[in-house]
Amino acid sequence: MSDHQLRTRTTAGPAPGPRAPGPRAAAAFRAAAPALAVYAGARALGLLAYWAAASAAGKNPLGPLSGRWDSVWYQRIAENGYRYTVTLPDGSVHSDLAFFPLLPALERTISEVTPLTLGGAGLLVAWTAGLLAAWGIFAVGAQLRGRRTGVVLAALWGVYPTAFVQSMAYTETLFTALAAWALYAVLRSRWIVAGALCVLAGLTRPTAAALIAALAITAAVTLVREYREERRAGPVLRRNARMIAGVALAPLGWLAYVVFVAVREGSPFAYFDVQAQWGNNIDGGRALAAFIAGLPWPAALGLCAALGLLGWLVVLCVRQRQPLPVLVYALTIVVISLIGAGYFGSRPRLMMPAFPLLLPPAVALLRLRTTGRTAAVLAVLACASAAYGAWTLLGPGPP
């Protein structure tokens, strides 16, 4: 299969002709405006519900959004650099080296050039990244299934059960924005752009490995197919030079941070040792199985049903014949989230960047007879997400 044929399979239509950057950007924004409006409305509802609940409980609404759990670690890095560790009663050592540097770097930069505190800067990054992520998710959905699907896909991401994290000074929203636009760049055969976005994603979260794998596997499949057609490696490599360069660029951010931790700690596997101290090592799913086994049987059955639904979404994504980079990215995010030994309550949050899993429900919603019914379903989901977010943020445990 030629490179042109592969691009035709993985995109919704031919690339538009050359236009001036200004008008093209304006047209793209106008196309995405409905998705951004629906997404912003869903997140505003979530914040309003949380703010009302926090006020009724006599609590500071900004506290959980920017001053608790992981956000505190990021702000400490932004203020003091990597130097903080804490020893728990069980003897395990938690080091701030477990947290990647892009968010704290942005927090520090913004706080130095604006009146915002580090916490305020973190919220500004998260809320801006949320809009950029919704735009990128819309762009991917519109590329694959049309604009209406893109709007509903962005809306579903905004009403995801743990969408309240999108309003917190965490990294999931920033990572999703980078991942969505990187996937869109791959679908448009803009490999250098995709690779550069992967570098930034690799400085944001360890799950950038899923994005790197998506680019690498897609490129490998393309090269193998074209080589089988021509049996000449030279022309195939020259024709795909930009693709190869983008794939080579992609892992540099992730590798740079892993090497930084290795040099700082004097061990080539220091980063993985740090993650193991936090309980975030890969155990192949044993921790998940043990967690389910320790639950009362009604809760265990409910969790198994939820995992079954997740598996069904994966099957539907495969049946939809989603493009290879999109499918590999989503499946790898799911696998990474399920085979780790970390705190189980965080796993829905860790899977939030896997937005392609929402494409089958988006298509199903658009099959309802009227737009009003689709809007009604989204409104119900938004209210449920807002209520769950308020309850979780005011609770004792981290999301």
Novice: Would you mind reporting whether L144 and T149 have side-chain heavy atoms less than 4.5 Å apart?
Specialist: no

Novice: Between V247 and L223, is there shared hydrophobic-cluster membership here, with clusters defined by ILVMFWY side-chain heavy atoms closer than 4.5 Å?
Specialist: yes

Novice: Treating Y50 as the side-chain partner and P61 as the backbone partner, does any N or O pair qualify as donor plus acceptor under 3.5 Å?
Specialist: yes

Novice: Let me see the working for L45 and C383 under side chain to side chain contact (heavy atoms under 4.5 Å, CB included), right down to the final yes or no.
Specialist: CA-CA 7 Å; L45 177 62; C383 291; 4.1 Å; yes

Novice: Do L359 and C317 come close enough that some side-chain heavy atom pair is under 4.5 Å?
Specialist: no

Novice: Indicate if L211 and M351 have the same hydrophobic cluster label, given that clusters are the connected sets of ILVMFWY residues with side-chain heavy-atom separations under 4.5 angstrom.
Specialist: yes

Novice: Might you work through the side chain to side chain contact (heavy atoms under 4.5 Å, CB included) test for L36 and F29, ending with a clear yes or no?
Specialist: CA-CA 9 Å; L36 297 178; F29 178 78; 3.7 Å; yes

Novice: Does some side-chain heavy atom of L153 sit less than 4.5 Å from a side-chain heavy atom of F138?
Specialist: no

Novice: Taking it one step at a time, do V86 and W73 satisfy side chain to side chain contact (heavy atoms under 4.5 Å, CB included)?
Specialist: CA-CA 11 Å; V86 60; W73 287 84; 3.8 Å; yes

Novice: Are any side-chain N or O atoms of R43 and backbone N or O atoms of G158, one a donor and one an acceptor, separated by less than 3.5 Å?
Specialist: yes

Novice: Give a yes or no answer on whether the side chain of T370 reaches the backbone of R373 with a donor-acceptor pair at less than 3.5 Å.
Specialist: yes

Novice: L324 versus T222: any side-chain heavy-atom pair under 4.5 Å?
Specialist: no

Novice: Residues two or more places apart in sequence or in another chain: which of them pass ring pair (Phe, Tyr, Trp, His ring centres under 6.0 Å) with W127?
Specialist: none

Novice: Taking C-beta and beyond as the side chain, do N281 and F272 meet within less than 4.5 Å on heavy atoms?
Specialist: no

Novice: What heavy-atom pair brings L215 and A250 nearest, and what distance separates the two atoms?
Specialist: CD2-CB, 4.1 Å

Novice: With the 4.5 Å side-chain cut-off for hydrophobic clustering, are L331 and I282 part of the same group?
Specialist: no

Novice: Around R264, counting heavy atoms of other residues, nucleotides and ligands shown, do more than 12 lie under 6.0 Å from its CZ?
Specialist: yes

Novice: Please check if any side-chain donor atom of T171 sits under 3.5 Å from a side-chain acceptor atom of R205, or the reverse.
Specialist: yes

Novice: Is the closest side-chain heavy-atom distance between L357 and Y160 below 4.5 Å?
Specialist: no

Novice: Apply side chain to side chain contact (heavy atoms under 4.5 Å, CB included) to residues L313 and V334 and explain how you reach the verdict.
Specialist: CA-CA 11 Å; L313 283 176; V334 170; over 6 Å; no

Novice: Distance check, rounded to the nearest 0.5 Å: I212 atom CD1 versus I217 atom CD1?
Specialist: 11.5 Å

Novice: Minimum heavy-atom separation for D96 and G81, please, with both atom names.
Specialist: OD2-O, 3.7 Å

Novice: Kindly state whether the ring of F355 and the ring of W157 have centres lying under 6.0 angstrom apart.
Specialist: no

Novice: Assess the pair W135 and Y184: is the distance between their ring centroids shorter than 6.0 Å?
Specialist: no

Novice: Would you list the pairs meeting ring-ring contact (aromatic ring centres under 6.0 Å, His included) in which at least one residue belongs to residues 281-334, sequence neighbours left out?
Specialist: F291-F344

Novice: My understanding is that only residues two or more places apart in sequence, or in another chain, count here; which of them pass ring pair (Phe, Tyr, Trp, His ring centres under 6.0 Å) with Y271?
Specialist: F100

Novice: Are the side chains of T207 and L350 in touch, meaning some heavy atoms are under 4.5 Å apart?
Specialist: no

Novice: Test: side chain to side chain donor-acceptor pair (under 3.5 Å). Region: residues 54-70. Which pairs qualify, not counting sequence neighbours?
Specialist: none

Novice: At their closest point, which heavy atom of P323 faces which heavy atom of L187, and how far apart are they?
Specialist: CB-CD2, 3.7 Å

Novice: Quick one: closest heavy-atom pair of P353 and P356, and the distance?
Specialist: O-CD, 4.4 Å

Novice: Checking W391 against F164 for the ring pair (Phe, Tyr, Trp, His ring centres under 6.0 Å) test, could you report, in this order, the C-alpha distance in whole Å, the side-chain angles of both residues, the deciding distance, and whether it holds?
Specialist: CA-CA 10 Å; W391 176 76; F164 61 88; 9.7 Å; no

Novice: Enter the distance from L174:CG to L106:CG here, rounded to the nearest 0.5 Å.
Specialist: 6.5 Å

Novice: Taking atom CZ as the centre, does R76 end up with more than 12 heavy-atom neighbours from other residues, nucleotides or ligands that are less than 6.0 angstrom away?
Specialist: yes

Novice: Any heavy-atom pair between the side chains of R145 and L366 that's under 4.5 Å?
Specialist: no

Novice: What residue pairs, at least two apart or across chains, pass side chain to side chain donor-acceptor pair (under 3.5 Å) with a residue in residues 79-89?
Specialist: none

Novice: Search all heavy atoms of I192 against all heavy atoms of G246 and return the closest pair with its distance.
Specialist: CD1-N, 3.8 Å

Novice: Kindly compute the distance separating CE (M168) from OG (S71), expressed to the nearest 0.5 Å.
Specialist: 6.0 Å

Novice: Restricting to non-hydrogen atoms, name the atom on A300 and the atom on L295 that form the minimum distance, rounded to 0.1 Å.
Specialist: N-CB, 4.0 Å

Novice: What is the distance from atom CG of L123 to atom CG of L116, rounded to the nearest 0.5 Å?
Specialist: 9.0 Å

Novice: CD1/I292 to CG/L301 distance, rounded to the nearest 0.5 angstrom?
Specialist: 10.5 Å

Novice: Examine distances only and state if a side-chain atom of Q166 and a backbone atom of G130 form a donor-acceptor pair shorter than 3.5 Å.
Specialist: no

Novice: Could you list all the side chain to side chain donor-acceptor pair (under 3.5 Å) pairs where at least one residue sits in residues 103-125, not counting sequence neighbours?
Specialist: R108-E112

Novice: Just by distance, do the side chain of Y257 and the backbone of L97 share a donor-acceptor pair under 3.5 Å?
Specialist: yes

Novice: Keeping S385 on the side-chain end and L381 on the backbone end, is there a donor-acceptor pair under 3.5 Å?
Specialist: no

Novice: Supply the atom-to-atom distance F175 CZ to L200 CG, rounded to the nearest 0.5 angstrom.
Specialist: 11.5 Å

Novice: Is there a path from W278 to I77 through hydrophobic residues (I, L, V, M, F, W, Y) whose side chains come within less than 4.5 Å of each other?
Specialist: yes

Novice: L48 and V159: same hydrophobic cluster, using ILVMFWY side-chain contacts below 4.5 Å?
Specialist: no

